[in-house]
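A short write-up of the structure that comes next.
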Amino acid sequence: MSAVIVLVTGGTGLVGKALEEEVRAEKPAGEETWFFASSKDADLRNINETKILFEKIKPTHVIHLAAKVGGLFHNMKNNLDFLRENLHINDNVLQTAHSYGCTKVISCLSTCIFPDKTNYPIDETMIHDGPPHQSNYGYAYAKRLIDIENRGYFDKHGCIFTSVIPCNIFGPHDNFNSEISHVIPGMINRMYKLKTENLDIEESFKIFKIYGSGKPLRQFIYSLDLAKLIIWVLRNYNSVDPIILSTDEQNEVSIAELAKSLAMAFNFKGKLEFDTNKADGQFKKTASNKKLRALYPDFQFTNFDTALKDTVNWFQANYHSLRR
Ligand code: NAP
Ligand code: GFB
């Protein structure tokens, strides 16, 4: 079997770091060499820097994770930047992967790019069936165009450029900056600060603010589980059609339930209150993982509360070096 060189763009982020941990944990997978790139290796918004990276690594396979990424509030304030930056990154990576004759490219979409007004559960055939939620249209359209461009490269050149569609992801090495982060890292950072600051105040009198009504529903996948699934896609899935990589529909939780689980993980003794002046975003984006279950029936997801506790422990152990 010829040598496999895997370039992971976005290799230093939440998903990239989980992928690196899983690859390192495996016994050497024979002919595979992995390179985990950050924006310091190449600013992928720039086609020349993209070409220099590919010339250096000469990948046979690409796992394309690099993106401008953020939570609801960051997207709401910056839809144009999310659109333009991700359009440039994605087209640069795909066109350069084609010019270097890459055997396969796996890009990353998101369940938040699906139509806002839709039937549930959402499946892979529904990506383009209507406009995405207004809060993140920039990111959503940039991601949807990856699927369109993948089809273009397949139709014209027979390239196996495919994509995975994760639900909300959490875990170690996330971006915990609560101004721009997703809900779990944002809440973790805020709850940690509430517990560890103003120690003169009895904790049972402290109030943790849950942004929004707490009613929206989300599916969450642990980054290390997603990493295992992406490795499985790399070695076993060869369709251009996207595949949803999400926990089961019945594991969907409300933001309020999430906050209670986090309070348990932190042993937080104070009160939880809702700040309904803050947006809720999309109410739900319930995705079906039926296609994944059919192809990989014995995959086991990590228990949510265990994964949450592991993430909180990682956060506390790495507080002074993490992104916050
Ligand atoms: P992340 O933690 O923010 O990491 C982003 C990665 O992309 C970092 O390695 C970053 O490099 C790199 N990057 C950003 N801009 C770049 C640029 N201009 N040039 C080169 N590299 C650049 O993101 P993540 O959560 O791991 O997301 C990985 C993928 O999963 C993304 O495609 C995202 O859309 C998708 N996704 C994420 C979620 C979620 O809940 N997090 C859900 C669904 C899908 P630096 O470290 O140098 O900044
Ligand atoms: O992960 P999140 O920011 O984005 O979750 P989405 C937002 C939901 O959590 C809203 C509530 O209902 C918020 O009101 N929430 C409660 C909080 N407390 C907090 C907090 O401290 N921080 C944050 N961020 N939210 C994103 C998309 O949607 O999903 C992105 O906008 C991306 O493009 C991501 O794809 C996966 O899940 O609403």
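Each ligand, and each atom within it, is numbered from 1 in the order the structure gives.
For T162 (side chain) and S239 (main-chain N/O), a donor-acceptor pair under 3.5 Å exists by modelled atom type. Although no hydrogens or angles enter the test, the distance criterion places a donor-acceptor pair under 3.5 Å between the side chain of S181 and the main chain of G186. No donor-acceptor distance shorter than 3.5 angstrom exists from the side chain of D275 to the backbone of G212, with no hydrogens or angles considered. At least one donor-acceptor pair closer than 3.5 Å links the side chain of N236 to the backbone N or O of W232. Looking at N90, its side chain does come within 3.5 Å of a backbone N or O of N86 through a donor-acceptor pair. Within the 3.5 Å criterion, the main-chain N or O of H133 finds no donor-acceptor partner in the side chain of D116. Between the D248 side chain and the Q250 main chain, no donor and acceptor come within less than 3.5 Å of each other. With hydrogens and angles ignored, the 3.5 Å screen pairs no side-chain donor or acceptor of K104 with any backbone N or O of F161.
Checked against a 3.5 angstrom limit, the closest N/O atoms of V69 and ligand 1 fall outside it. Residue contacts with ligand 1: K143 is placed with a nitrogen or oxygen under 3.5 Å of a nitrogen or oxygen of the ligand (distance criterion only). Taking distance alone, with nitrogen or oxygen atoms compared against 3.5 Å, D174 stays at or beyond that limit from ligand 1. Residue G13 has at least one N or O atom closer than 3.5 Å to an N or O atom of ligand 1. The shortest N/O to N/O separation between L72 and ligand 2 falls below 3.5 Å. Backbone and side-chain nitrogen or oxygen atoms of V183 are examined, and one is located within less than 3.5 angstrom of a nitrogen or oxygen of ligand 2. Between L44 and ligand 1, an N or O atom pair is found at a separation short of 3.5 Å. Where the criterion is an N or O separation shorter than 3.5 Å, residue side chain and backbone included, G16 fails it with respect to ligand 1. Residue contacts with ligand 1: N168 is placed with no nitrogen or oxygen under 3.5 Å of a nitrogen or oxygen of the ligand (distance criterion only). No N or O atom of P166 sits closer than 3.5 Å to an N or O atom of ligand 1. Residue H64 has no nitrogen or oxygen atom sitting less than 3.5 Å from a nitrogen or oxygen atom of ligand 1, judged on distance alone.
Evaluated by nearest non-hydrogen atom to atom 29 (C) of ligand 1, the leading choice among L65, I63, V164 is L65. When V8, I169, N175 are checked for heavy-atom proximity to atom 40 (O) of ligand 1, I169 turns out nearest.
Close contacts of ligand 2 with P216, meaning ligand atoms under 4.0 Å from a residue heavy atom, involve 12 (O). Here is the list of ligand 1 atoms found below 4.0 Å of a heavy atom in L14: 2 (O), 25 (O), 26 (O), 41 (N). For ligand 2, the atoms lying closer than 4.0 Å to a non-hydrogen atom of G70 are 30 (C), 32 (C). Listed by atom number, the atoms of ligand 1 under 4.0 Å from R45 heavy atoms are 18 (N). Those atoms of ligand 1 that come under 4.0 Å of a heavy atom in Y139, given as number and element, are 33 (C), 34 (O), 35 (C), 36 (N), 44 (C).
Counting heavy atoms under 4.0 Å from ligand 1, residue F170 does not touch it at all. Of all the heavy atoms of R323, the ones lying under 4.0 Å from any atom of ligand 1 belong exclusively to the side chain. Contacts of V15 with ligand 1, taken as heavy-atom pairs under 4.0 Å, involve both backbone and side chain. If you look at C112 next to ligand 1, there are no close heavy atoms at all, none under 4.0 Å. Contacts with ligand 2 closer than 4.0 Å are made by no heavy atom of Q282, backbone or side chain. Contact annotation for K278 and ligand 2: no heavy atom of the residue comes within less than 4.0 Å of the ligand. Residue-level proximity to ligand 2 for F82 is absent, since no heavy atom of it falls below 4.0 angstrom. Only the backbone of C167 comes within contact range of ligand 1, with a heavy atom under 4.0 Å; no side-chain atom does.
No heavy atom of K17 sits closer than 4.0 Å to any atom of ligand 1. For the pair K68 and ligand 1, no heavy-atom separation below 4.0 Å is found. Residue contacts with ligand 1 do not include H173, since none of its heavy atoms lies under 4.0 Å from the ligand. For S135, the heavy-atom gap to ligand 2 stays at 4.0 angstrom or more. Under the 4.0 angstrom criterion for non-hydrogen atoms, L109 is in contact with ligand 1. Distances shorter than 4.0 angstrom do not occur between any heavy atom of G70 and any atom of ligand 1. Residue S213 places every heavy atom at 4.0 Å or more from ligand 2. Ligand 2 is approached by S110 to a heavy-atom distance shorter than 4.0 Å.
In this structure, F315 and Y192 have perpendicular ring planes: the angle between them is above 60°, well past the 30° mark. By the 30° and 60° cut-offs, the orientation of the rings of F301 relative to F299 is perpendicular. Note on ring orientation: taking the six-membered ring where Trp is involved, the planes of F82 and Y139 are perpendicular (angle over 60°, cut-offs 30° and 60°).
Residue-environment remark: CD (E179) stays at or below the threshold of 12 foreign heavy atoms within 6.0 Å.
Salt bridge K290/E124: absent, no basic N to carboxylate O contact under 4.0 Å. A salt bridge is defined here as a Lys NZ or Arg NE, NH1 or NH2 lying under 4.0 Å from an Asp or Glu carboxylate O, and K309 with D305 fails to meet this definition. Using a 4.0 Å cut-off between a side-chain N of Lys or Arg and a carboxylate O of Asp or Glu, E149 and K143 do not qualify as a salt bridge.
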Q. Does the pair Y100 and E55 meet the rule for a side-chain hydrogen bond (donor to acceptor under 3.5 Å, both in side chains), with working shown?
A. CA-CA 8 Å; Y100 273 79; E55 180 56 31; 2.5 Å; yes
Q: Assess whether side-chain hydrogen bond (donor to acceptor under 3.5 Å, both in side chains) is satisfied between H74 and N78, documenting all intermediate values.
A: CA-CA 6 Å; H74 195 32; N78 302 285; 3.1 Å; yes
Q. So K206 and N198, side-chain hydrogen bond (donor to acceptor under 3.5 Å, both in side chains) or not? Walk me through it.
A. CA-CA 10 Å; K206 291 183 176 180; N198 303 316; over 6 Å; no
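Atom 21 (O) of ligand 2 has as its closest protein heavy atom R190 NH2, 2.9 Å. For atom 47 (O) of ligand 1, the closest non-hydrogen atom on the protein side is S39 OG, 2.6 Å. With respect to atom 38 (O) of ligand 2, the closest heavy atom belonging to the protein is R218 NH2, 2.8 Å. Looking only at protein heavy atoms, the nearest one to atom 24 (N) of ligand 2 is S181 O, 3.1 Å. In terms of protein heavy-atom proximity, atom 35 (O) of ligand 2 is closest to C112 SG, 2.6 Å. Considering only non-hydrogen protein atoms, atom 13 (C) of ligand 2 sits nearest to A279 O, 3.7 Å. The protein heavy-atom contact nearest to atom 10 (C) of ligand 2 is D280 O, 3.1 Å. Ranking the protein heavy atoms by distance from atom 29 (O) of ligand 2 puts K285 NZ, 3.2 Å first. For atom 19 (C) of ligand 2, the closest non-hydrogen atom of the protein is Y211 CD1, 3.5 Å.
Ring to ring, F274 and Y211 are not that close: their centroids are 6.0 angstrom or more apart.
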